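First listed ligand is number 1; within each ligand, the first listed atom is number 1. Values in this document were obtained by computation on a predicted structure and should not be read as measured data.
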Amino acid sequence: MGDRPMKKLWGGRFKKSMNSALKDFSYSLACDGELLGAEVKVNRAYAKMLTRIGLMSRAEMGRVLKGLELIEKKWTPKKLEALSGQYEDVHSFVQSELEKMAGSAARKIHTGRSRNDLVVTSTRIWLREKAAGAIVQIGEVQKALVFLATKADKIIFPGMTHLRKAQPVLMAHHLLAYVEMLQEDVSRLQDAMKRINVLGLGSAALAGSALPLDQKFLAKELGFQTITSNSMAATSDRSFLVEVVADLSILWMHLSRMAEDFILWNSEPFNLIELDDAFATGSSLMPQKKNPDIFELIRGRSGVVFGHLTALLTIQKGLPLCYNRDLQEDKPGVFDVFRKTRLALELLPQVLRTIAFKPESASAMLLDETLFATDMLEYLVRKKIAFSQAHEIVGKIVAYAQEKKKNLRTLELAEYRRFSGCFDESVYDLFNAEVSVRAKKTAGSTHPHAVWTEIGKWEKRLGR
Ligand code: ARG
């Protein structure tokens with residue numbers, strides 16, 4: 001232990017000091033120092049509340065508020081890491097520091113409170129700020145995708161199912177699919193806010209308090225929409241963390257899929273995009289390489305994020321009510337998820353905006369006319385052939401062409417008519433990607449007008 005005096009929040013009952021290995025094992029300041037800002041906010045509101053209800057004098061409150069201001073100026077989570085062997089957690093640190101700065105007045109700050117209702121309050125405040133930040137950042141990724149969609153302009157390429165060419169789509173449509181998915185992620189996070197924004201203070205250790213703590217005032221001061229209806233749930237449930245980490249896991253699942261698409265598009269067989277040099281990486285051996293590591297890291301990190309989600313669920317699943325120290329283990333994973341998310345969301349818009357397209361590769365991929373088989377099926381349906389019969393006919397034509405080593409465009413009309421009398425010259429108009437996408441009629445389709453309308457909608461909604 002260093003030379004700083006350690007202020008324990010619970011020393012009175014003990015005759016011996018803590019075993020040093022247990023200290024190393026249990027102290028959490030190196031991690032939960034991250035909550036410092038939130039902790040100061042909570043203490044500020046708490047001092048005001050205690051003064052309102054007559055348990056702290058105005059002069060004492062003044063000293064406490066001044067002390068909190070000094071703590072805020074002097075300390076950062078980073079600086080607290082250096083003290084991690086000396087304080088049990090951020091709550092003990094703030095208490096000690098406050099007693100140094102505000103003297104005896106500080107001894108009242110923990111009135112009627114337990115770390116059990118304190119930690120959950122600071123965590124909720126921290127979380128809602130970070131979640132709000134993530135929402136803004138997701139918007140920037142969406143904007144960059146919309147920008148990229150405008151850059152993709154009129155490029156049409158084969159949309160895939162099972163990673164096999166399926167039907168022509170606008171590349172812009174493909175990019176907007178991710179904008180859409182990210183919007184759901186935003187709305188999930190926004191929705192979580194009402195469950196994050198619940199005041200747990202006043203719950204004390206588990207049962208509530210016999211002191212006249214003004215929870216309404218605390219809720220208002222700290223911007224909580226509601227006050228808990230159950231002190232036991234408030235001090236022991238961390239489902240609000242599970243929910244947000246689940247929301248971010250879904251976000252990462254989307255980011256990872258998107259990354260995978262860009263990795264494929266960047267691969268030689270697809271050759272659809274070129275990454276900017278500033279966002280690509282080389283090989284220490286193969287001088288020719290220009291690799292998409294950034295997208296691989298996003299794909300890989302998503303796995304770490306999902307791991308944290310599993311950890312959060314597992315940490316809680318067997319805990320009897322109420323607080324158990326196991327719950328301390330909620331924080332490292334949550335902090336890591338947010339750090340990873342912030343870094344990824346900061347980088348992505350920059351990478352996306354600098355991606356260049358290779359339209360010639362897209363055109364080359366469209367030369368395979370089997371891409372138009374579905375258009376041919378719909379052509380026959382419009383000529384009143386039953387869908388499943390038309391499906392069979394076109395399937396047979398595709399197999400026939402393959403057998404004859406011909407492609408659909410070079411089959412004679414007479415050959416087509418052997419499969420159905422409904423074919424006429426107009427069948428050859430189908431082998432055109434532009435015609436294919438323009439034929440689409442449903443809402444949300446890849447029809448260019450629908451796609452441009454969507455781009456306009458997003459630009460208006462997100463800004464450029
Ligand atoms: N560091 C603890 C946590 O993160 C704070 C609460 C400790 N409470 C207790 N009764 N030991 O959960």
Looking at [X] and [Y], does any basic side-chain N land under 4.0 Å from a carboxylate oxygen?
{"X": "E97", "Y": "K100", "value": "yes"}
{"X": "K331", "Y": "E34", "value": "no"}
{"X": "R115", "Y": "E88", "value": "yes"}
{"X": "K290", "Y": "E274", "value": "yes"}
{"X": "R188", "Y": "D185", "value": "yes"}

Which ligand 1 atoms, with their elements, are less than 4.0 angstrom from a heavy-atom of [X]?
{"X": "V119", "value": "4 (O)"}
{"X": "S28", "value": "1 (N)"}
{"X": "D89", "value": "1 (N), 5 (C)"}

What is the nearest protein non-hydrogen atom to [atom], stated with its residue, atom name and distance?
{"atom": "atom 3 (C) of ligand 1", "value": "Y323 OH, 3.2 Å"}
{"atom": "atom 1 (N) of ligand 1", "value": "Q328 OE1, 2.8 Å"}
{"atom": "atom 11 (N) of ligand 1", "value": "R115 NH2, 3.7 Å"}
{"atom": "atom 8 (N) of ligand 1", "value": "N116 OD1, 3.1 Å"}

* To do: Indicate, with yes or no, if the rings of F157 and W265 have centres closer together than 6.0 Å.
  => yes

* Report yes or no: does K331 have a heavy atom closer than 4.0 Å to ligand 1? => yes

